[in-house]
Amino acid sequence: MSVTIKTAQEIEKMRVAGHLAAEVLEMIEPYVKPGITTAELDQICHDYIVHQQQAIPAPLNYRGFPKSICSSVNQVVCHGIPNEKRLKKGDLINLDITVIKDGYHGDTSQMFLVGGGSVLAKRLMDITQQALWIGIQQAKPGAQLGDIGHAIQDFVEQHNYSVVREYCGHGIGKEFHEDPQVLHYGSPGTGLVLQPGMCFTIEPMVNSGKRHVKLRPDGWTVVTRDRSLSAQFEHTLLITPEGCEVLTLRQNETQFASGH
Ligand code: MF3
Ligand code: CO
Ligand code: CO
């Protein structure tokens, strides 16, 4: 499949889907507290998406994924399956939300530090969020995907963290995962040249230890090989004539979004 350029009508639908995905993260935040299980968080998000938003949780049954959101705790890098284990103070958790509305996808994730946590976990979380926004700043017509990957990798490695290579951002639209693949590492001046109307995610996974990962026997849960902490933030973007629009922007992100 090649990279699609969205029409004006499709862009409007991508805006709606992106906004709904962002609203799920805003809705769930007060529930992410010590004592709740990730299965309970999944159920709350599921009910909100289906009944309040009249939308579809894209992960549910996607290639056999059994739940409506991904929840990745501590050394889990991505694609964690919500379960009955209770969150405890100091856990570092990513919730990844993808909704389908009117046939189009919005995909976004953020970290939460449960009950306030260690300085180390907070630093990993902050650097990862900044890495996402440094990638977003590169996203404009005429820039290349390698510019985004390079900027993220350079920033992360300067802070002595590592970028996971096995998973990447992706084009998004009618399909959950479309072309292109958006790597979070690379060389400037290489790769696809960005054009207005392209939609894709940037979703760097950053490990506090080495970059290597392994897949748990459940076939989904990706963990750091050295059991170090991992963090991830994700946004869905539209390339505009002027730069880019963050379709999944939340209200609490104004400090990052100046110029967006
Ligand atoms: N939301 C993830 C992404 O950012 C994909 C999750 S696939 C699932 O691409 F099946 F695990 F939900
Ligand atoms: Co994604
Ligand atoms: Co996602």
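Order of appearance sets the numbers: ligands from 1, and atoms from 1 within every ligand.
Listed by chain and residue number, the protein N/O/S atoms under 2.8 Å of the Co ion (ligand 2) are D107 OD2, H170 NE2, E203 OE2, E234 OE2, with waters left out.
A side-chain donor-acceptor contact under 3.5 Å links N207 and S230. With no hydrogens or angles considered, no side-chain donor-acceptor pair links H150 and S187 at under 3.5 Å.
The pair R15-E12 meets the salt-bridge criterion, since a charged nitrogen lies less than 4.0 angstrom from a carboxylate oxygen. With respect to the salt-bridge test (charged N to carboxylate O, under 4.0 angstrom), the residues R123 and D126 do not qualify. Between K6 and E178 there is a salt bridge, since at least one side-chain N of the basic residue sits less than 4.0 Å from a carboxylate O of the acidic one.
Under a cut-off of 6.0 angstrom, the local environment of CD in Q251 is sparse, with at most 12 non-hydrogen atoms contributed by other residues, nucleotides or ligands.
No side-chain heavy atom of L87 sits less than 4.5 Å from a side-chain heavy atom of P34.
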Using a 3.5 Å cut-off on N/O to N/O, what pairs does ligand 1 make with the protein? A line per pair would be great.
| from | atom 1 | to | atom 2 | distance (Å) |
| --- | --- | --- | --- | --- |
| ligand 1 | 1 (N) | D96 | OD1 | 3.2 |
| ligand 1 | 1 (N) | D96 | OD2 | 3.1 |
| ligand 1 | 1 (N) | T98 | OG1 | 3.4 |
| ligand 1 | 1 (N) | D107 | OD1 | 3.3 |
| ligand 1 | 4 (O) | D96 | OD2 | 3.3 |
| ligand 1 | 4 (O) | D107 | OD2 | 3.1 |
| ligand 1 | 4 (O) | E203 | OE1 | 2.8 |
| ligand 1 | 4 (O) | E203 | OE2 | 3.2 |
| ligand 1 | 4 (O) | E234 | OE1 | 2.9 |
| ligand 1 | 4 (O) | E234 | OE2 | 3.1 |
| ligand 1 | 9 (O) | H170 | NE2 | 3.1 |
| ligand 1 | 9 (O) | H177 | NE2 | 2.8 |

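A centroid separation of less than 6.0 Å is found between the aromatic rings of H177 and Y62. Y167 has its ring centre less than 6.0 Å from the ring centre of H79.
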